[in-house]
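What follows is one structure encoded as structure tokens, with my remarks underneath.
Since this is a predicted model, take the numbers as computed values, not measurements.
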Amino acid sequence: FLEVEAQEIDGVLVVKDMKPVEAPPYHPSTMAWDIEVYNKGFFPNPKEAKHPIIIISAFDGEEFLSADDDEKKVISEFAEFLGSKQPDLLVGYNCDQFDFPYLLKRAKINGISLPLGLDKRGVKKKRGGISWTHQITGTHDIDLFHFLFRLYTLSGRDLGSAMKAILGVGGMDFDARLVWNYWDEN
């Protein structure tokens, strides 16, 4: 950061002096998020997005959970929560390849607009290196899968494999292909 002393002379701003100043500390607001889909026995395809989103969870110091058979309600509540928070960093695991594409497709199918971002223009898909990324004005999308896949030898693409590589212990024993079964039992 610079402190600048300037003077206007004949309609032109002329710099008289500049000196560096200490930057204030920056503490970005961060939100982690995930979606779960009601699918029977297979991993849902985000390009087709045939099955409803039944759970969206997020955490930014405050826990958010929308879980319902009413998909419109789940998506709308999450969009409202995310829009009210406007986090600097939105963090997910494999969110660029699954969560974002699936959410965007299901929102479109349900006629739900997602006026997110500082400019309310929503989520934009863009090419980012060797894969796709997503952009919300004022919020940085961080997909941990991309980082971890390059830094660690993962035994699988799931979050449990990443936890095992980093922490030496896996996550909870959870089969995403059985979300529908867990949902129906409860």
Does some side-chain heavy atom of [Y] sit less than 4.5 Å from a side-chain heavy atom of [X]?
X	Y	result
Asp143	Thr133	no
Leu148	Tyr93	yes
Tyr102	Pro44	yes
Ile75	Ile53	yes
Asp88	Thr139	no
Asp69	Trp183	yes
Phe149	Asn94	no
Arg106	Asn110	yes

For [X] versus [Y], what's the shortest heavy-atom pair and its separation?
X	Y	result
Thr137	Gln86	O-OE1, 4.4 Å
Pro46	Pro101	CB-CB, 3.9 Å
Pro115	Lys120	O-CD, 3.1 Å
Lys105	Glu48	CE-O, 3.7 Å
Ile55	Ala67	CG1-CB, 3.9 Å
Gly138	Leu118	CA-CD1, 3.7 Å

Report the C-alpha distance between Asp60 and Thr30 in whole Å, list the side-chain angles of each, state the deciding distance to 0.1 Å, and finish with yes or no for side-chain contact (heavy atoms from CB on, under 4.5 Å).
-> CA-CA 6 Å; Asp60 69 343; Thr30 304; over 6 Å; no

Count I, L, V, M, F, W, Y as connected when their side-chain heavy atoms are under 4.5 Å apart, and connections chain through other members. Are [X] and [Y] then in the same cluster?
X	Y	answer
Ile136	Ile35	yes
Ile54	Trp180	yes
Leu89	Phe81	no
Ile109	Leu104	no
Val91	Phe59	no

What's the separation between atom [atom1] in [X] and atom [atom2] in [Y], rounded to the nearest 0.5 Å?
X	Y	atom1	atom2	value
Glu77	Ile56	CD	CD1	9.5 Å
Leu90	Leu82	CG	CG	5.5 Å
Asn45	Asn39	CG	CG	11.5 Å
Glu80	Leu114	CD	CG	12.5 Å

Look at atom NZ of Lys73 and say whether more than 12 heavy atoms of other residues, nucleotides or ligands are closer to it than 6.0 Å.
-> no

Apply side-chain contact (heavy atoms from CB on, under 4.5 Å) to the pair His146 and Gln97, showing each step before the final yes or no.
-> CA-CA 10 Å; His146 298 298; Gln97 302 305 312; 4.0 Å; yes

When the aromatic ring centroids of His134 and Phe100 are compared, is their separation below 6.0 Å?
-> yes

Are the aromatic ring centres of Phe78 and Trp33 under 6.0 angstrom apart?
-> yes

Check the side chains of Gln135 and Asp141 for a donor-acceptor pair under 3.5 angstrom, ignoring hydrogens and angles.
-> no

Should Asp184 and Tyr38 be marked as a side-chain contact (heavy atoms from CB on, under 4.5 Å) after you check the CA-CA gap, both sets of side-chain angles, and the distance that decides it?
-> CA-CA 9 Å; Asp184 286 349; Tyr38 187 90; 2.8 Å; yes

Any salt bridge between Lys85 and Glu62, counting N to O under 4.0 Å?
-> yes

